[in-house]
Amino acid sequence: MARTIVTSALLYANGPLHFGHIAGAYLPADVYVRTLRMCGDEVLAVSGSDDHGVAITISAEKAGEDYPSYVARWNGNMRATFDALDIRYDIVSGTSTCPEHPELSREFFSKLMANGYLVERQTKQLFCVHDDMFLADRYVEGTCYKCGSEGARGDECPSCGTWIDPLQFEDPRCKICGSTPEERTTTHWYLDLPKLRDDKIGGWIRDHEWKTNVEKFIENLLDDVPERAITRDMSWGVSLPPEVGDAGEGKVLYVWFDAPIGYISFTKELMRERGTPDAWKDWWQGEDTQLVHFIGKDNIPFHCLVFPSMLHGVQDGYVLPSAVPANEFYNLKGGKFSTSGGNAFDVVKFVEEWGVDATRFYLCSTMPETADSEFSLEQLIQTTNTALAGTIGNLATRVLKFIAKNFDAVVPELQESHREEMDRLILEECGPIEDPAAHVREFRFRRAAEAVVANATVANVFVDRMAPWALRKEDPAKAASALNTLCEWLNWQARWMAPLMPTKAQQLWEMLGHSGQVSDEPWPGTPDAGSWRSLTAGAALGNPEALFPRLTDPASQT
RNA sequence: GGCGAGGUAGCUCAGUCGGUUAGAGCACUGGCUUCAUAAGCCAGGGGUCGCGGGUUCAAGUCCCGCCCUCGCUACCA
């Protein structure tokens, strides 16, 4: 049986989730997981928050909160957003709360060191006595020694574009408190990426089949891969293992080093809770495991180069990613979603107002799969009204209400003599039928969304060809056969919809008279003339009602 | 400045290895239908594929230059 670990980018616990994140990494993962599960694959879905790093400590202090509660707040926001959007994981944890995380992160560090993939170096860095911390380049400002403009940041001068070495500032200031920092020597450990690349992993990365947009990114990256510091001078994070000695005092692992390890430590946490503490190995070190990382394009270097290098470097038999379906960026009004810049809105409230499934569907059908793409409320409303209310929802009501009125609200009978004609008409002559799951497996979510609608159009064409309202008077038995065929089709439609629109799929499923969960049904694929029917004539149908209410654009009202 | 992505119909986007008249959805126009959520079906109009060169029998697709938009620029993630 196919076994797949699906991860969604660990969210940096320093702000709310917005549609950019959701369309980029979380919703596609959820649709993928739901699809695979209905297909009978064994799937583990993991996500959580990335809780460490300087940015968080500074923001927390500004907000007057202690780090754990600050991080917990954003972790909670993430969970609430997932709930609102029906995005489900087996575990949503956090790097600062997962009990297994520190130890496993240190184990990675130790093994990489033992295997010769870490380099120890001493560097000079600015230290702020007032704030009692080494300052990241970004937190130093001063007068640019090239163009003389004030307010140059420690990494780059905004006026002349020069790359700044903050140690060369004549008047360095701490950006946090404004005092003058002093120069101090500090020791750090670097991940020897060039060596890791040359010891096999480079070849693996080069030969691996990546998504097109990922491929382009990686090629350049590989040629010029630097050593990367994986430790920091601060207290909020995972402390270093004892074997580094005194030099490790007051230092923690760099967030980017420990964050992806979270995927594994969260799995350990989950398996311990389930009472099978060793089961995580079957996943992460199992030969047949497929590892799929859903991320945004900004995460490509880490998931395609750094983390695989780490997994390889510890030499513990970890699986390497089989696919990294990175999405591009999702934009709002031409710019990126940004909560600090005000270019965003409250996701939970948005979903309450416009509906979970309509939102999920629209995000999927405009997902930035191949290039950056654009979100707009007007289009969401448009799409909901035409594709969901008009094509899919109206198909259900026009069929089921007609049956309720004229055929006693039960599945009408199919005359054996009509079977061949009905099957030929709907399966061959009313338009192409596609399997949404086939697109999902290729990470083509936009096409999958289109396919669900296109399949409903096939049935709408069938209704028009049969014209049951007229046929009922001329040949009632044949009208019954046609409606029986349409009931069968709606049963497929509900299952096709399930991964994308779980709530509405379930509602349709119940309208068809079923009591169980549609998501527990096996994936239907595409109908086959000989075997696609499964209904019993006379079975009671549920109450037909509008699946997707039409939405009104507040901007278009006068 | 450097790096990355993009500029294709009114809008949002597809276009695999360069190969017939450049596609889809929405919007728009016309016709059919009346079962249904003023829904459905059919047909149609609409593009010098950012600009200028080049390679080729053939370029939206490859090469060079330019213009514009967006993102990143590493010890922030």
Side-chain angles (χ1 to χ4, degrees), chain A residues 9-15 50 52-56 58-59 123 125 134-139 153-157 160-163 166 186 188 190 212-213 216-217 220-221 224 226 228-234 254-256 259 296-302 328-329 331 334-336 362 365-376 378-379 382-383 385-391 393-403 405-406 430-431 444 446-447 449-450 453-454 456-457 459-472 479 483 486 544-550:
Chain A
L10 293 197
L11 182 78
Y12 199 54
N14 196 24
D50 172 11
H52 300 130
V54 201
I56 283 175
I58 292 172
S59 304
T123 56
Q125 231 183 311
F134 279 94
L135 297 173
D137 292 351
R138 220 199 170 118
Y139 293 109
R153 292 187 326 203
D155 52 353
E156 187 190 51
C157 171
C160 68
T162 307
W163 271 25
T186 179
H188 282 298
Y190 290 73
T212 323
N213 60 335
K216 288 178 185 168
F217 222 102
N220 301 324
L221 219 63
D224 195 25
R228 224 184 150 90
I230 57 165
T231 52
R232 292 290 182 274
D233 289 289
M234 61 182 299
Y254 175 37
V255 274
W256 255 116
K297 68 176 168 187
D298 51 336
N299 277 339
I300 291 172
F302 296 95
E328 301 291 299
F329 288 144
N331 295 323
K336 69 168 183 173
Y362 177 70
S365 65
T366 53
M367 201 168 270
E369 284 169 359
T370 53
D372 290 3
S373 64
E374 181 80 14
F375 169 91
S376 97
E378 296 71 44
Q379 289 217 345
Q382 194 80 259
T383 301
N385 288 344
T386 56
L388 301 185
T391 306
N394 184 55
L395 170 68
T397 39
R398 76 194 296 204
V399 170
L400 295 175
K401 282 192 177 176
F402 191 83
I403 293 174
K405 255 183 225 163
N406 305 297
C430 291
R444 307 300 298 256
R446 306 172 76 129
R447 286 193 185 173
E450 277 172 29
V453 180
T457 295
N460 274 320
V461 173
F462 180 85
V463 174
D464 272 49
R465 295 264 194 107
M466 296 307 299
W469 50 90
L471 196 59
R472 184 172 67 89
L483 290 161
L486 285 161
E545 52 195 59
L547 258 189
F548 296 92
R550 289 177 62 81

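Just so you know, these numbers use all the heavy atoms, side chains as well, and skip hydrogens, waters and symmetry mates. Every chain is numbered from 1, with letters handed out A, B, ... down the list of sequences.
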Could you check which nucleotide pairs with A9(B) in any of the strands shown, counting Watson-Crick or G-U wobble with both distances under 3.5 Å?
-> none
With a non-hydrogen cut-off below 4.0 angstrom, is R465(A) in contact with a base, only sugar-phosphate, or nothing?
-> nothing
Just to confirm, is there a sub-4.0 Å distance from OP1 or OP2 of A77(B) to any side-chain nitrogen or oxygen of Y254(A)?
-> yes
What orientation do F375(A) and Y362(A) show, parallel under 30°, tilted 30 to 60°, or perpendicular over 60°?
-> perpendicular
Shortest non-hydrogen separation from T383(A) to S365(A) and the atoms involved | CG2-OG, 4.5 Å
Which atoms form the tightest heavy-atom contact between R398(A) and D464(A), and what is the distance?
-> NH2-OD1, 3.2 Å
Which distance, rounded to the nearest 0.5 Å, do you find between the CG of N14(A) and the NE2 of H52(A)?
-> 13.5 Å
Given protein heavy atoms under 4.0 Å, the one-letter contact record of nucleotides 33-42 of chain B, with B base, S sugar-phosphate only and - none, is simply SSBBB-SBS-
Integer-rounded Å distance: C13(B) C1' and N331(A) CG | 14 Å
Phosphate OP1/OP2 of U16(B): any R447(A) side-chain N/O under 4.0 Å | no
Between A74(B) atom P and H188(A) atom NE2, what is the distance in whole Å?
-> 16 Å
If we call it a pair only when both distances are under 3.5 Å in a Watson-Crick or G-U wobble match, what pairs with U16(B)?
-> none
Across all strands, who's sitting opposite G30(B) as a Watson-Crick or G-U wobble pair, both distances under 3.5 Å?
-> C42(B)
C26(B) phosphate, OP1 or OP2: any side-chain N/O from Q379(A) under 4.0 angstrom?
-> no
Just how far, in rounded Å, is P of A14(B) from CD of E369(A)?
-> 8 Å
Go ahead and name the base partner of U48(B); Watson-Crick or wobble counts if both distances stay under 3.5 Å, otherwise write none.
-> none
Would you mind telling me which residue lines up with the more 5' stretch of RNA chain B, V54(A) or Y362(A), judged by nearest nucleotide?
-> Y362(A)
All heavy atoms of N385(A) vs all of P549(A), minimum pair found to be OD1-O, 4.5 Å
Whole angstrom is fine here: how far is it from CD in Q382(A) over to P in C13(B)?
-> 15 Å
Base partner of C70(B), which must satisfy Watson-Crick or wobble distances under 3.5 Å | G4(B)
Describe the nucleic acid contact of N14(A) in one word from base, sugar-phosphate, nothing, applying a heavy-atom distance below 4.0 Å.
-> nothing
Hey, which sits more toward the 5' end of RNA chain B by its nearest nucleotide, Y12(A) or R228(A)?
-> R228(A)
Over how many whole Å does the gap from D372(A) atom CG to C13(B) atom P extend?
-> 9 Å
